[in-house]
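What follows is a short report on a single structure.
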Amino acid sequence: MQQSGFSTATDYSSKTVVVVGAGVVGLCTALEAQRKGYQVTLIDRDEAGMGASFGNAGYLATELIDPLSTPKTLLSSFAMWLNSHGPLSLPLGYLHRILPWLVRFICAAAPKTTKKSRLALEQLNRASVPAWRRCLEDIGAQEQLVQSGYLLVWESADKLEDAKQHAAYMQENGIKTELVQGERLAQLEPELAENLSHALFFPEACRVKEPYELCKILLSAFLARKGAFLQQGVTFLQPEDKGVLVQTEASSLKFDHAIICAGAWSKQLLKSVGLDVPLEAERGYHLSIDAEHIKLNHPIGSAERRFVMSPLDSGLRVVGITELGGLKLTPFKQRFDSLQHHSGKLLPRLNNSTLEVSKWMGHRPTLPDSLPVIDRHPEHSQLLFAFGNQHLGLTQAAISAELVVGLMTGDLPTINYEPFRVDRF
């Protein structure tokens with residue numbers, strides 16, 4: 001655990017900033033603040049990159065420009081919940097806790113709100129890959145970003161019109177796709193099940209080689225530039241006239257600025273500074289399968305089963321399930337079984353009990369309108385926020401960092417910040 005170099009209540013210097021949360025958003029934010037000349041301390045109760053950043057598919061899902069709450073989603077949600085292998089889970093023991101959030105989520109499906117969220121997601125996602133390229137070029141790690149392409153597949157032939165409509169929608173939003181079937185589909189992915197009907201190929205889509213390895217590279221670059229990493233839990237924040245007091249489990253630290261990037265744990269920290277945001281911990285599950293003999297050429301998404309498979313350096317990653325279960329419940333075995341069931345349907349050679357499989361569950365920070373918070377405190381300008389990127393934390397990490405640090409320095413980019421305000425609810 002590295003503790004040298006951070007400011008304390010009795011050792012206060014100018015241009016200091018603390019970033020709370022060492023996931024991929026916090027790591028990108030810490031590096032961006034360093035680029036602007038700040039002395040930066042990064043604090044997390046865990047090792048860097050071990051939260052939701054550890055468990056994603058490594059895919060930059062820039063085509064996901066629609067919010068999670070839409071009339072179409074709401075109409076299909078009950079059937080998804082009842083399906084034992086469905087992508088949506090709502091544990092009954094947590095239902096009473098999440099009801100207020102669910103009401104907000106349903107209200108977010110109103111046409112005006114949906115349109116606002118979609119436009120905001122579109123502008124963030126369009127800027128995401130260029131921001132990642134700037135970040136990785138700066139630290140000499142450009143090879144971590146791969147233009148891999150992406151396949152969104154359908155098993156049912158009667159869903160061909162759905163694919164064509166989705167392709168047209170993507171084209172309207174400047175996203176290139178190719179409708180593929182038969183021999184062309186088999187050429188792109190020879191290992192996929194032969195009964196697949198068709199797919200949309202996104203040739204310009206990108207992924208990272210390995211999410212956790214990327215986080216370690218970002219941390220290493222941060223430390224090499226004289227950043228400090230303190231592995232402690234933060235219990236509360238206290239804005240002061242000339243800075244922010246940060247109370248950890250072991251010490252009181254004072255900085256000129258604080259940026260909260262604590263993902264699903266950000267809600268409690270904001271309560272300590274008088275802000276109540278409807279942030280929910282959406283639990284995601286993954287399998288990592290050691291299957292070197294089974295090769296995927298691209299990340300694969302199932303339009304019907306709603307999960308993703310991605311070839312990473314560590315093995316084949318299978319990611320899915322939206323489970324609204326909070327921070328405290330233990331993982332449910334059935335969710336892992338569902339991922340094994342679905343992946344075996346698309347990739348038959350995975351139906352092999354001798355394959356080594358590791359399992360993981362983590363918490364995505366999700367707000368009812370599917371937009372992150374990228375803002376400063378309405379009363380204390382030295383306190384800033386970048387959290388709540390739901391399924392798009394990896395995708396939007398680098399651009400979120402540029403935006404929140406731009407707010408701190410006054411060097412504002414052309415992106416409209418209004419949809420991401422902390423007090424919008």
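Since we're looking at a predicted model, the values are computed, not measured.
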Exercise. Would you say the side-chain atoms of S400 pair up with the backbone N or O of A386, donor to acceptor, closer than 3.5 Å?
Worked result: no
(Q) Applying salt bridge (charged side-chain N to carboxylate O under 4.0 Å, His left out) to E323 and R335, what does each step give before you reach the verdict? (A) CA-CA 9 Å; E323 184 174 78; R335 313 299 174 238; 2.6 Å; yes
Taken in chain and number order and not counting sequence neighbours, the residues that satisfy ring pair (Phe, Tyr, Trp, His ring centres under 6.0 Å) with F222 are none
**Report entry** Side-chain donor or acceptor of T62 paired with backbone N/O of R126 under 3.5 Å
**Finding:** no
(message) Measuring only between side-chain heavy atoms, which start at C-beta, is T41 closer than 4.5 Å to T16?
(response) no
Are K216 and E47 ion-paired here, with the side-chain N under 4.0 Å from a carboxylate O?
no
All heavy atoms of A57 vs all of L312, minimum pair found to be O-CD2, 3.5 Å
Under a 4.0 Å N-O cut-off, is there an ion pair linking E155 with K345?
no
Quiz prompt | Residues E32, R35: salt bridge by 4.0 Å N-O rule | solution = yes
Of all heavy-atom pairs linking I217 and A141, the shortest is CG2-CB, 3.9 Å
request  = Give a yes or no on whether a salt bridge exists between D411 and K36, defined as a side-chain N under 4.0 angstrom from a carboxylate O.
outcome  = yes
Here the pair of heavy atoms bringing T235 nearest to T248 is OG1-O, 4.1 Å
- prompt: Can you say whether the rings of W101 and F105 are parallel (under 30°), tilted (30 to 60°) or perpendicular (over 60°)?
  reply: parallel
Could you walk me through whether V234 and V18 pass the side chain to side chain contact (heavy atoms under 4.5 Å, CB included) check?
CA-CA 11 Å; V234 174; V18 61; over 6 Å; no
Would you confirm whether W132, through its side chain, and L394, through its main-chain N or O, come within 3.5 Å as a donor-acceptor pair?
yes
task = Indicate yes or no: at least one non-hydrogen side-chain atom of V373 is less than 4.5 angstrom from one of L279.
result = no
For residues D375 and Y417, determine if any side-chain heavy atom of one lies less than 4.5 Å from a side-chain heavy atom of the other. no
Would you say the side-chain atoms of R207 pair up with the backbone N or O of P311, donor to acceptor, closer than 3.5 Å?
yes
For R424, is there an ion pair with D369 - N to carboxylate O distance below 4.0 angstrom? yes
Review point. Do the side-chain N and O atoms of E280 and T366 include a donor-acceptor pair separated by under 3.5 angstrom?
Key: no
In terms of side-chain heavy atoms, does Q187 have a donor or acceptor partner in R184 at a distance below 3.5 Å?
yes
Item to complete: Could you tell me whether K254 and E240 make a salt bridge, using a distance below 4.0 angstrom between a side-chain N and a carboxylate O?
Response: yes
Taking every heavy atom of P368 against every heavy atom of R104, the minimum-distance pair comes out as CG-CB, 3.7 Å
**OP:** Hey, can you tell me if H298 and F201 have their rings parallel, tilted or perpendicular (30° and 60° cut-offs)?
**Re:** perpendicular
Checking L269, I259, V277 against F387 for side chain to side chain contact (heavy atoms under 4.5 Å, CB included), the one that qualifies is V277
Shortest non-hydrogen pair, V319 vs R364, comes out as CG1-NH2, 4.2 Å
> Are side-chain heavy atoms of K359 and L339 found at a separation under 4.5 Å?
Replying inline: no
Quick one: does V273's side chain get under 4.5 Å of V244's, heavy atoms only? no
Sorted by chain and number, sequence neighbours left out, side chain to side chain donor-acceptor pair (under 3.5 Å) with D313 holds for none
Verdict with supporting geometry, E418 and K116, salt bridge (charged side-chain N to carboxylate O under 4.0 Å, His left out)
CA-CA 10 Å; E418 193 275 334; K116 181 178 180 180; 3.3 Å; yes
In V404, L275, V20, the residue satisfying side chain to side chain contact (heavy atoms under 4.5 Å, CB included) with F385 is L275
For S314 and E210 the tightest heavy-atom approach is OG-OE1, 2.7 Å
*Quick one: are L287 and F307 in side-chain contact, heavy atoms under 4.5 Å?*
no
- prompt: Judged by atom type as modelled, is there a donor-acceptor pair below 3.5 Å linking the side chain of N56 to the main-chain atoms of S53?
  reply: yes
_Do L316 and L347 make a side-chain contact, defined as non-hydrogen atoms from C-beta onward lying under 4.5 Å apart?_
yes
Legend entry - Whether Y59 and Y150 hold their rings parallel, tilted or perpendicular, with breakpoints at 30° and 60°: parallel
Margin query: Walk me through whether S128 and Q396 qualify under side-chain hydrogen bond (donor to acceptor under 3.5 Å, both in side chains).
Written below: CA-CA 5 Å; S128 290; Q396 297 170 352; 5.5 Å; no
Point to revise | Min side-chain heavy-atom separation I139-R225 under 4.5 Å | key: yes
